[in-house]
Amino acid sequence: MTVRPSLVRSIPFWILLVGSVATSAFGAWLAVNTLGTMSVALTAGTATPVDVYVGQVWAIVGGILIATGIVGLALALVLAGLRSFVPSTEVPATDVEIIEAMEWTADDEGPAADHEQPVVDTAAAPQR
């Protein structure tokens, strides 16, 4: 058994990986959607200043999100590569003394006489 979990079972690694893919996908959708709307409006000649100037800003934000997702994916790849170089440390097996089990028969006495009935703690029970 290893002391540290493997990278496949590491929750922060999966958060980084899934978050990076989601950020890139959202950025790509935002950029393509905004640029498509701007292109249609400019071609048709119905573009307003809001379509043109605000659309450019949203396209830039989409590009930034794509770049951020790519950086996160690269970081996950570097982390996976570095983790492969770290040797796994095994937990040393402890010397366990094997003790023989006691032989119980039906003739053996059960609990001692003073412990035959279970003790009920009535003071700890909530009162209704």
Side-chain angles (χ1 to χ4, degrees):
M1 183 173 151
T2 60
V3 175
R4 291 177 21 193
S6 69
L7 196 58
V8 174
R9 294 185 319 220
S10 174
I11 292 174
F13 174 74
W14 285 107
I15 290 173
L16 174 65
L17 194 65
V18 170
S20 298
V21 169
T23 302
S24 288
F26 179 70
W29 173 81
L30 186 62
V32 168
N33 189 26
T34 304
L35 291 175
T37 304
M38 277 179 39
S39 176
V40 168
L42 287 171
T43 304
T46 60
T48 63
V50 173
D51 289 335
V52 176
Y53 296 115
V54 176
Q56 289 175 1
V57 173
W58 279 111
I60 290 171
V61 169
I64 290 170
L65 288 175
I66 292 170
T68 303
I70 291 172
V71 167
L73 287 173
L75 183 62
L77 180 65
V78 167
L79 185 64
L82 289 176
R83 181 66 177 113
S84 68
F85 290 118
V86 175
S88 64
T89 56
E90 296 292 326
V91 175
T94 58
D95 293 332
V96 178
E97 181 180 339
I98 299 175
I99 300 175
E100 293 181 18
M102 294 179 60
E103 294 181 19
W104 292 94
T105 63
D107 296 337
D108 291 341
E109 289 184 20
D114 59 340
H115 294 293
E116 295 244 347
Q117 297 296 325
V119 177
V120 177
D121 187 11
T122 58
Q127 299 295 328
R128 291 189 183 200

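FYI, side chains are in, hydrogens and waters are out, and symmetry mates aren't considered; it's all heavy atoms of this structure. Remember, predicted model here, so these are calculated numbers, not experimental data.
The main-chain N or O of Leu35 is never found under 3.5 Å from a side-chain atom of Ser39 such that the two would form a donor-acceptor pair. The main-chain N or O of Val21 is never found under 3.5 Å from a side-chain atom of Ser24 such that the two would form a donor-acceptor pair.
Once rounded to the nearest 0.5 Å, the distance linking OG of Ser10 with CG of Leu16 reads 9.5 Å. We find the CD1-CG distance between Ile60 and Leu65 to be 12.5 Å, quoted to the nearest 0.5 Å. Atom CG of Asp51 sits about 11.0 Å away from atom CD of Gln56, to the nearest 0.5 Å. Distance check, rounded to the nearest 0.5 Å: OG1 of Thr23 to CD1 of Ile66 gives 11.0 Å.
Arg83 has its side chain out of reach of Leu79: every pair of non-hydrogen atoms, C-beta onward, lies at least 4.5 Å apart. Taking the side chain as every heavy atom from C-beta outward, Ile64 and Thr68 approach each other to under 4.5 Å.
Looking at every heavy atom in both residues, Ala59 comes nearest to Thr34 through N-CG2, 3.9 Å.
In the hydrophobic cluster analysis, where Ile, Leu, Val, Met, Phe, Trp and Tyr join through side-chain heavy atoms closer than 4.5 angstrom, Val54 is grouped together with Val61. Grouping the Ile, Leu, Val, Met, Phe, Trp and Tyr side chains by contacts below 4.5 angstrom, directly or via other members, places Trp58 with Phe26.
Surrounding CD1 of Ile11 are at most 12 heavy atoms belonging to other residues, nucleotides or ligands under 6.0 Å away.
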